[in-house]
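A short write-up of the structure that comes next.
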Amino acid sequence: MYEKAKTFTLSKPLLKKIVGGVLVLIGFVALITPLTPGAILFLFVGFEFLGLRFMFLDRLIGRKPASALE
């Protein structure tokens, strides 16, 4: 399932950018409303779809950054 989703998003980059933008927008709206859980999660996932990686997030998860793998 993961490989199928990965190939689908790689074949349709415009869809990936649209979904990322929508998730960032939802995350921002959820962030400014009080007591809304999941706001940071929507922002992080939306930024990942847009291609922005957070360096500290790799350290929290325990993965090595992509630049260290080369």
Side-chain angles (χ1 to χ4, degrees):
M1 179 84 173
Y2 173 75
E3 291 297 324
K4 188 175 182 180
K6 186 176 178 180
T7 57
F8 182 76
T9 57
L10 289 177
S11 66
K12 303 199 183 313
L14 181 63
L15 178 65
K16 187 177 175 182
K17 299 287 184 192
I18 291 171
V19 169
V22 168
L23 285 174
V24 168
L25 183 67
I26 291 171
F28 180 71
V29 169
L31 190 65
I32 61 173
T33 58
L35 302 174
T36 305
I40 299 296
L41 182 64
F42 280 122
L43 284 174
F44 281 150
V45 171
F47 284 139
E48 289 282 334
F49 275 153
L50 291 175
L52 303 171
R53 293 205 47 93
F54 294 99
M55 297 303 286
F56 69 90
L57 194 60
D58 287 333
R59 192 175 294 170
L60 287 175
I61 294 173
R63 294 186 297 189
K64 292 183 180 179
S67 61
L69 297 175
E70 296 175 352

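In terms of the side-chain hydrogen bond (donor to acceptor under 3.5 Å, both in side chains) criterion, S11 has no residue partners (sequence neighbours excluded).
Transitive grouping of hydrophobic side chains (ILVMFWY, heavy atoms separated by less than 4.5 Å) keeps V19 and L25 in distinct clusters. Clustering ILVMFWY residues whenever any of their side-chain heavy atoms sit less than 4.5 angstrom apart, transitively, puts F47 in the very cluster that holds I40. There is a path of hydrophobic side-chain contacts, each under 4.5 Å, that joins L15 to F42. Hydrophobic clustering, with ILVMFWY side chains joined whenever heavy atoms are under 4.5 angstrom apart, keeps V29 apart from V22.
Here the CD1 atom belonging to I18 is positioned 11.0 Å from the CG atom belonging to L50, to the nearest 0.5 angstrom. Atoms CD1 and CG, from I26 and L31 in turn, are 13.5 Å apart once rounded to the nearest 0.5 Å.
The minimum heavy-atom distance linking F28 with L43 is given by the pair N-CD2, 3.8 Å.
Residue pairs satisfying the side chain to side chain donor-acceptor pair (under 3.5 Å) criterion with at least one member in residues 18-31, sequence neighbours excluded, are absent.
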